[in-house]
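Structure, as structure tokens:
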Amino acid sequence: KNRISAAMTYPMCVAVIGAGLISYILGYIMPQFVEIFSKEKVSLPLPTIILLTLSKLITGYWWLVLILIISSIIGFRYFASTDFGRLFMDRLKLSFPIVGSVTRKICAKRFIDGLHLLYVSGFPLLGALNIVKSMLDNKHLEKTIDALWVHISTGKDFASYLWLGDFFPADVVAMIRSGEESGTLEKMLEKISEIFHDEVNNAIDGLISAFEIGIIILMGILVGFAAMAILFPIFSLSKIAGGH
């Protein structure tokens, strides 16, 4: 979390500056151009119409926009605090293309580390699972561990349940099965922890890079759209002036 927070400083600064620039264009620049375009009766392209609509919304109904934003934040926080909302959000996090993969690997790393520590300390496997599931910080995966607990409590082996899900890759499940059959589960858990250490670091680096690139591209698109919305009518206005 500390690595991600530190790495997000630059892209978030870019996002804040870009949002401020867009707000300045919508709140101060566009209203001045509206008067000029209206007097000269310039035909406005679609980007300009969209930007003008947003400008009127922000300048004329800023209080309504502010109320909607605050209400949405409060409503989202309340929804996420409920059991259903937490489960829904945790499932949603796992379904995102990049974030889901990183979240799954981090949870798998926590699961393996916690299970290895408790197993080495002499905890029975079922008791260790009850403790480790709270370390995942994901309600959906906690339900998976609950189902695993029931599976093992009926006398079935650990790995056979993991084959049915996508919590761990196939090679990791094969290592767990090998450890169970050979009585070296403790060593296998330690090796898997080392594997996931590199996996998690690489996944976090990839997530940070993708987020930085995404923010820069998004800001470029928004600023470029605003520039087109302003420049296209100016070109039309210059043609009209040239014709006169």
Side-chain angles (χ1 to χ4, degrees), residues 1-8 80 82-212:
K1 286 181 179 179
N2 290 336
R3 284 184 59 200
I4 292 175
S5 298
M8 291 302 179
T82 63
D83 291 338
F84 174 78
R86 176 73 185 278
L87 179 62
F88 176 83
M89 294 303 299
D90 286 343
R91 282 178 176 172
L92 189 64
K93 283 190 292 186
L94 295 173
S95 65
F96 287 144
I98 299 177
V99 176
S101 175
V102 175
T103 302
R104 195 176 295 275
K105 288 179 180 180
I106 290 174
C107 290
K109 168 70 172 169
R110 290 175 179 170
F111 176 79
I112 290 296
D113 285 349
L115 189 63
H116 174 254
L117 178 63
L118 294 172
Y119 193 75
V120 170
S121 301
F123 270 78
L125 188 57
L126 292 177
L129 288 176
N130 282 330
I131 298 174
V132 169
K133 73 175 184 178
S134 62
M135 299 169 57
L136 302 181
D137 195 28
N138 188 289
K139 289 294 183 182
H140 177 68
L141 294 179
E142 285 179 17
K143 287 184 174 293
T144 302
I145 303 304
D146 287 335
L148 174 61
W149 191 96
V150 173
H151 178 83
I152 296 176
S153 65
T154 59
K156 298 178 182 178
D157 62 297
F158 188 13
S160 62
Y161 178 82
L162 297 179
W163 280 117
L164 304 176
D166 57 352
F167 193 10
F168 294 109
D171 55 344
V172 171
V173 179
M175 291 175 67
I176 293 175
R177 166 161 286 180
S178 175
E180 281 189 300
E181 294 175 350
S182 62
T184 58
L185 183 58
E186 175 185 333
K187 292 182 179 180
M188 284 299 176
L189 290 175
E190 185 177 0
K191 290 181 180 180
I192 294 171
S193 176
E194 294 174 358
I195 292 173
F196 270 103
H197 178 76
D198 295 332
E199 290 275 341
V200 168
N201 285 331
N202 292 334
I204 289 175
D205 291 339
L207 173 64
I208 293 171
S209 299
F211 186 79
E212 290 177 347

What's the separation between atom [atom1] in [X] and atom [atom2] in [Y], rounded to the nearest 0.5 Å?
| X | Y | atom1 | atom2 | result |
| --- | --- | --- | --- | --- |
| Phe88 | Thr82 | CZ | OG1 | 10.5 Å |
| Leu115 | Phe123 | CG | CZ | 11.5 Å |
| Ile195 | Lys109 | CD1 | NZ | 10.5 Å |
| Asp137 | Thr103 | CG | OG1 | 10.0 Å |

Residue pairs, two or more places apart or on separate chains, that pass side-chain hydrogen bond (donor to acceptor under 3.5 Å, both in side chains) and touch residues 124-135:
Lys133-Asp146

Ignoring hydrogens, what is the shortest heavy-atom contact between Met188 and Gly179? Give both atom names and the distance.
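The answer is CG-CA, 3.6 Å.
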
Which heavy-atom pair separates Cys107 from Asn138 by the least distance, and what is that distance?
SG-CB, 4.2 Å

So, using side-chain hydrogen bond (donor to acceptor under 3.5 Å, both in side chains) as the criterion, who are the partners of Thr144 when residues are at least two apart?
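By the side-chain hydrogen bond (donor to acceptor under 3.5 Å, both in side chains) rule, Thr144 matches no residue at all.
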
Can you list the residues that meet the salt bridge (Lys or Arg N to Asp or Glu O under 4.0 Å) rule with Lys93, with sequence neighbours excluded?
Asp90

Tell me, please, which residues at least two apart from Asn201 pass side-chain contact (heavy atoms from CB on, under 4.5 Å).
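Expected list: Arg3, His197.
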
Just to verify, what does Leu87 make a side-chain contact (heavy atoms from CB on, under 4.5 Å) with, not counting sequence neighbours?
Arg91, Lys139, His140, Lys143

Identify which one of Ile112, Ile145, Asp113, Leu118 satisfies the side chain to side chain contact (heavy atoms under 4.5 Å, CB included) criterion when paired with Val132.
Leu118

State, yes or no, whether a side-chain contact exists between Leu189 and Phe111 at a heavy-atom distance under 4.5 Å.
no

With salt bridge (Lys or Arg N to Asp or Glu O under 4.0 Å) as the rule and sequence neighbours excluded, what pairs involving residues 183-204 come up?
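Residue pairs passing salt bridge (Lys or Arg N to Asp or Glu O under 4.0 Å), neighbours aside: Lys105-Glu199.
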
